Amino acid sequence: MKSAIPIVRRYGLGAITLHWLIAVLILVNIGLAWTAEGATRADKMALIGNHKAVGLLILVLSVTRLAWRLVHDAPPFAKTLKRWEVSLAEAVHWTFYFLLIVLPLAGFVLHSVATGGLPVSFFGLFDIPGLPLAKDRTSAEMFSETHKILATLTMLLLALHVAGALKHLAIDRDGTMQRILPGG
């Protein structure tokens, strides 16, 4: 006798909520970083402070999303997808998990070596202790470059992800995008 367990065609509410919340926060953090580039010193400090807090929030949500994904199966891909499309989609998703954990960690280490381990204010609500690292200009420069490279890779991957989603939505019309849209 066959099991009566239905095949899940969409991501669950938890995965959908985490996906879109992280997506919005990534865009906010990109905006904060870009805006800080041309800001006065005082404004730059405030923008970067918020950038750090959002980055740590992205880290927590990304670890939560990864844990969720490891416990909950993803819905199956449309049968019309080619093998390379499925492989690319899986590679993009797992690379996102990696980047959205390593990128904020690199930023946190950067903060810690640049400040000698000062805490990060979480939007003025509470402080997150910095790592107990000595102030080190060489390490700060290395982690700054690492953070920038990881951020660039994340933005490129984001562009690829959005392009793929739009392709499935507007050209293929295969229901792939509906798997993650709130309300389907």
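All figures in this text were calculated on a predicted structure; none of them were measured in a lab. Below, each value reflects all heavy atoms present in this structure, side chains not excepted, and no hydrogens, waters or symmetry copies.
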Inset, instruction - Report yes if some heavy atom in the side chain of Pro119 is under 4.5 Å from a heavy atom in the side chain of Ile128; otherwise report no. - result: no
Inset, instruction - Check whether any side-chain heavy atom of His147 sits under 4.5 Å from a side-chain heavy atom of Leu103, and report yes or no. - result: yes
Legend entry - Residue pair Pro104 / Lys52, side-chain heavy-atom distance below 4.5 Å: no
Legend entry - Flag if over 12 foreign heavy atoms under 6.0 Å of CE, Met45: no
Legend entry - Within 6.0 angstrom of Trp34 CH2, more than 12 heavy atoms from elsewhere: no
Inset, instruction - Drop me the distance from Ile26's CD1 to Phe96's CZ, to the nearest 0.5 angstrom. - result: 6.0 Å
Legend entry - Members besides Ile171 in its Ile/Leu/Val/Met/Phe/Trp/Tyr cluster (side-chain heavy atoms under 4.5 Å): none
Legend entry - By ring pair (Phe, Tyr, Trp, His ring centres under 6.0 Å) - contacts of Phe77 (at least two apart): none
Inset, instruction - With rounding to the nearest 0.5 Å, note down the distance linking CG in Leu131 to OG1 in Thr115. - result: 9.0 Å
Inset, instruction - Treat each ILVMFWY residue as a node, draw an edge where side-chain heavy atoms are under 4.5 Å apart, and state whether Phe126 and Ile58 are in one component. - result: yes
Legend entry - Residues that, via side-chain heavy atoms closer than 4.5 angstrom, fall in one hydrophobic cluster with Ile48: none
Inset, instruction - Is it possible for you to say whether Leu56 and Val60 belong to one hydrophobic cluster, with membership spreading through side-chain heavy-atom contacts below 4.5 Å? - result: no
Inset, instruction - Look at the side chain of Ser144 and the backbone N and O of Ala140, then say whether any donor-acceptor pair between them is shorter than 3.5 Å. - result: no
Legend entry - Other residues, nucleotides, ligands: >12 heavy atoms within 6.0 Å of Tyr97 OH: yes
Legend entry - Within one Ile-Leu-Val-Met-Phe-Trp-Tyr cluster: Leu100 and Val71, side-chain cutoff 4.5 Å: no
Inset, instruction - For residues Leu81 and Asp172, determine if any side-chain heavy atom of one lies less than 4.5 Å from a side-chain heavy atom of the other. - result: no
Inset, instruction - Would you kindly confirm whether Leu47 and Met155 end up in one hydrophobic cluster when ILVMFWY residues are joined by side chain heavy atoms under 4.5 Å apart? - result: yes
Legend entry - Minimum side-chain heavy-atom gap Glu145-Ile149 below 4.5 Å: yes
Legend entry - Atom pair CG/OG1 of Leu150 and Thr146 - distance to nearest 0.5 Å: 6.5 Å
Legend entry - Leu59 side chain reached by Ile101 side chain, heavy atoms, under 4.5 Å: yes
Legend entry - Check: Asp127 side chain, Pro129 main-chain N or O, donor-acceptor pair, under 3.5 Å: no
Inset, instruction - Search all heavy atoms of Pro182 against all heavy atoms of Trp20 and return the closest pair with its distance. - result: CD-NE1, 3.5 Å
Legend entry - hydrophobic_cluster_shared for Leu158 and Trp94, side chain cutoff 4.5 Å: yes
Inset, instruction - To the nearest 0.5 angstrom, please state how far the CD atom of Gln178 sits from the CZ atom of Arg173. - result: 10.5 Å
Inset, instruction - Would you mind reporting whether Arg179 and Ile16 have side-chain heavy atoms less than 4.5 Å apart? - result: no
Inset, instruction - Answer with yes or no after comparing the ring centroid distance for Tyr11 and His19 against a 6.0 Å cut-off, counting only values under it. - result: no
Legend entry - Gap separating the CD1 atom of Ile22 from the CG atom of Leu61, nearest 0.5 angstrom: 5.0 Å
Inset, instruction - Look at the side chain of Arg69 and the backbone N and O of Ala15, then say whether any donor-acceptor pair between them is shorter than 3.5 Å. - result: no
Inset, instruction - Taking all heavy atoms of Gly130 and all of Phe108, pick out the closest pair and write down the distance. - result: CA-CZ, 3.9 Å
Legend entry - Straight-line distance of Asp174 CG to Thr80 OG1, nearest 0.5 Å: 4.5 Å
Legend entry - Side-chain touch Val162/Leu166, heavy atoms, less than 4.5 angstrom: yes
Legend entry - Contact summary for Lys44 and Ala39, nearest pair of heavy atoms: N-CB, 3.8 Å
